[in-house]
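Read the structure below first, then the notes.
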Protein chains: 2
Amino acid sequence: MVRTPPRTQPARTRIEDLRRGELIAAAHRVFMQHGLGGMTTKRICEEAGMSPGILSYYFKGKDDVLFAMVRMNNRLLVEDVLVRLNQSATRWDRLLAVIEGNFPAAVYERNVATAWLSVVAASPGNPRYARLQSLFYARMRSNLASAFAGILPPVRFAGMARTITTLVDGFWLQKSAGEPVSRDEAVTLIVTTVAALLTPDERAALQSR
Amino acid sequence: MVRTPPRTQPARTRIEDLRRGELIAAAHRVFMQHGLGGMTTKRICEEAGMSPGILSYYFKGKDDVLFAMVRMNNRLLVEDVLVRLNQSATRWDRLLAVIEGNFPAAVYERNVATAWLSVVAASPGNPRYARLQSLFYARMRSNLASAFAGILPPVRFAGMARTITTLVDGFWLQKSAGEPVSRDEAVTLIVTTVAALLTPDERAALQSR
DNA sequence: TAAATTATTGTATGTGCGTTCAAATAAATG
DNA sequence: CATTTATTTGAACGCACATACAATAATTTA
């Protein structure tokens with residue numbers, strides 16, 4: 001008798017998710033083109049073809065949209081790496097997958113780098129971002145561990161992981177600064193450096209099945 | 001008869017330089033504490049113990065102060081490295097001087113890193129910053145060349161310089177992201193990596209007088 | 001000391017921002 | 001179709017900011 005089938009829920013949710021998705025996508029485009037500072041609510045709604053007030057209806061505020069956007073981008077990157085990891089036979093392939101996963105094709109470009117940098121720079125004042133950041137590093141370390149497990153002792157692995165993550169971050173920063181570095185150059189340089197840091201035995205172990 | 005000794009010039013210039021210096025120093029402090037976004041003209045003048053309007057009197061505008069500040073900080077870093085370079089006997093010492101010069105004692109810390117990152121993120125829209133940036137990289141490459149000249153062929157030197165600058169940038173980014181890396185860890189890791197990328201012969205050549 | 005120049009103040013002005021909200025429209029419901 | 005509910009609008013508000021500027025104080029000059 002008290003049964004109240006929420007038939008309205010699905011419909012309402014569908015349009016709500018749709019609008020939220022559109023706004024996030026619009027925010028992404030504005031972010032890429034104008035940077036963090038130029039990402040205004042008015043511009044986002046305009047880009048989405050909606051009225052300025054709509055943002056408050058679907059989000060708590062501007063920061064909420066921004067966070068949702070960062071979260072979504074992160075999810076896409078993570079999924080990409082996971083797919084590659086599952087397709088990798090050798091540890092070396094896994095290593096390559098993790099490294100290349102940080103430079104997605106057609107994404108390693110100046111605007112994106114600057115946008116991402118802006119978020120990092122804004123992190124210290126925003127606990128949610130800070131948390132997202134450290135999760136990012138932790139996940140990358142974990143992925144790298146799946147390649148080096150049983151080959152490098154813990155201390156050396158820590159150093160190796162630090163070197164790789166630092167190089168990745170550095171390449172993104174340089175991209176933002178306008179340095180002419182291609183995706184391939186970045187990946188190649190990192191791989192070369194990793195190889196140089198390994199002993200011949202370790203290299204062999206990494207490349208075997 | 002037409003002689004007009006500009007006695008007034010020195011006095012006027014002295015106080016002008018003084019005020020400009022004070023404002024730049026205040027801007028620096030505000031920048032470090034509140035980041036680029038929180039660096040408002042009102043706060044700067046307040047920090048300098050002056051009235052809000054004074055800024056327009058000594059500078060063209062807020063951007064002008066910011067640029068002067070970045071310029072000054074850059075100059076300090078450069079001078080520091082030059083002193084160290086002149087005191088270095090071997091090429092290896094010169095290499096160390098350049099690397100350590102990028103992590104000045106008591107300066108490699110989160111606020112500074114974030115501030116510096118904000119400026120880089122703002123560079124793409126500001127030609128003056130962009131120019132300063134590329135000058136920075138060029139100078140670093142030039143300094144590194146003084147260590148590797150005659151030891152590494154051009155192509156390998158280019159790769160080596162890229163590795164080093166990328167690691168430096170990466171360490172600053174990680175510092176801003178809150179990763180717990182000390183100055184010594186950063187320097188050690190970079191030196192280790194450079195050493196691993198060199199052949200025994202090259203290492204020996206670098207360490208000889 | 002009187003006059004003129006320079007330095008400093010504090011207020012005023014205009015701009016752009018995020019957010020709110022009553023009203024209008026569209027959709028769903030019975 | 002009438003009514004309720006969900007969605008969207010666009011104007012309005014308050015706020016913080018950079019900058020301009022007339023008024024005032026201090027300093028230099030003659």
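Convention: sequence-line order gives letters A, B, ...; per-chain numbering from 1. Predicted model, so just to flag it, every value in this text is computed and none were measured.
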Problem set entry | cation_pi(B:Arg128, B:Phe67) dist<6.0 Å, angle<=45 |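 Output yes; distance and angle both within limits.
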For this session: Would you please name every residue forming a side-chain contact (heavy atoms from CB on, under 4.5 Å) with B:Leu77, sequence neighbours left out?
Result: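 With sequence neighbours excluded, B:Leu77 shows a side-chain contact (heavy atoms from CB on, under 4.5 Å) to B:Pro104, given in chain and number order.
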Problem set entry | Qualifying residues under side-chain contact (heavy atoms from CB on, under 4.5 Å), relative to A:Arg19, sequence neighbours excluded |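 A:Ile15, A:Glu22, A:Met50, A:Tyr58.
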Between [N] atom [atom2] and [X] atom [atom1], what is the distance in whole Å?
| X | N | atom1 | atom2 | value |
| --- | --- | --- | --- | --- |
| A:Leu55 | D:dT9 | CG | P | 12 Å |
| A:Tyr57 | C:dA24 | OH | P | 18 Å |
| B:His34 | D:dC17 | NE2 | C1' | 15 Å |
| A:Glu46 | D:dT8 | CD | P | 18 Å |
| B:Glu16 | D:dT27 | CD | C1' | 16 Å |
| B:Met50 | D:dA26 | CE | P | 16 Å |
| B:Leu23 | D:dA18 | CG | P | 14 Å |
| A:Lys42 | D:dT9 | NZ | P | 15 Å |

Are [X] and [N] close enough that a side-chain N or O sits under 4.0 Å from OP1 or OP2?
| X | N | value |
| --- | --- | --- |
| B:Thr41 | D:dA18 | yes |
| B:Tyr58 | C:dA7 | no |
| A:Arg19 | D:dT8 | yes |

Could you list, one pair per line, each protein nitrogen or oxygen that sits under 3.5 Å from a nitrogen or oxygen of nucleotides 12-16 of chain D, together with the distance?
none

Exercise. Under the side-chain hydrogen bond (donor to acceptor under 3.5 Å, both in side chains) criterion, do A:Tyr129 and A:Asp63 qualify, and how do the steps go?
Worked result: CA-CA 11 Å; A:Tyr129 285 149; A:Asp63 285 351; 6.0 Å; no
Exercise. Of the residues in residues 118-129 of chain B, which ones touch DNA chain C at a heavy-atom distance under 4.0 Å?
Worked result: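 Residues of residues 118-129 of chain B that come under 4.0 Å of DNA chain C do not exist, since none gets that close.
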For this session: Check whether more than 12 heavy atoms from other residues, nucleotides or ligands sit under 6.0 Å from atom CD of B:Glu109, and answer yes or no.
Result: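 Yes.
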Exercise. Quick one: does B:His28's side chain get under 4.5 Å of B:Met72's, heavy atoms only?
Worked result: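 The answer is no; the side chains never approach within 4.5 Å.
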Exercise. Do the non-hydrogen side-chain atoms of A:Glu79 and A:Arg75 ever get within less than 4.5 Å of each other?
Worked result: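 Contact flag for A:Glu79/A:Arg75 side chains = yes.
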For this session: Select one nucleotide: of D:dT19, C:dT20, D:dG10, the one nearest the side-chain heavy atoms of A:Pro52.
Result: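 My answer, after comparing the listed nucleotides, is D:dG10.
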Exercise. Can you tell which of D:dT8, D:dT19, C:dT9 lies closest to the side chain of A:Ile54?
Worked result: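 When the side chain of A:Ile54 is considered, D:dT8 is the closest of D:dT8, D:dT19, C:dT9.
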Exercise. With distance as the sole test, does B:Trp116 use its side chain to make a donor-acceptor pair with the main-chain N or O of B:Ser176 at under 3.5 Å?
Worked result: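 A pair under 3.5 Å: no.
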Exercise. Between the side chain of A:Tyr108 and the main-chain N/O of A:Ala186, is any donor-acceptor distance below 3.5 Å?
Worked result: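 A pair under 3.5 Å: no.
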For this session: Assign B:Phe59 to base, sugar-phosphate, or nothing according to its heavy-atom contacts below 4.0 angstrom with the strands shown.
Result: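 It contacts nothing in the nucleic acid.
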Exercise. Please walk me through it: do B:Phe31 and B:Val119 pass side chain to side chain contact (heavy atoms under 4.5 Å, CB included)?
Worked result: CA-CA 10 Å; B:Phe31 190 37; B:Val119 169; 3.7 Å; yes
Exercise. Any idea which heavy atoms bring A:Val81 and A:Gly101 closest together, and the distance?
Worked result: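 Minimum heavy-atom contact is CG2-CA, 3.8 Å.
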Problem set entry | Residues forming a side chain to side chain donor-acceptor pair (under 3.5 Å) with A:Glu185, sequence neighbours excluded |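 Side chain to side chain donor-acceptor pair (under 3.5 Å) check on A:Glu185 returns A:Ser182.
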Problem set entry | Close residues, residues 60-67 of chain B, relative to DNA chain D [heavy-atom separation under 4.0 Å] |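 Here the set is B:Gly61, B:Lys62.
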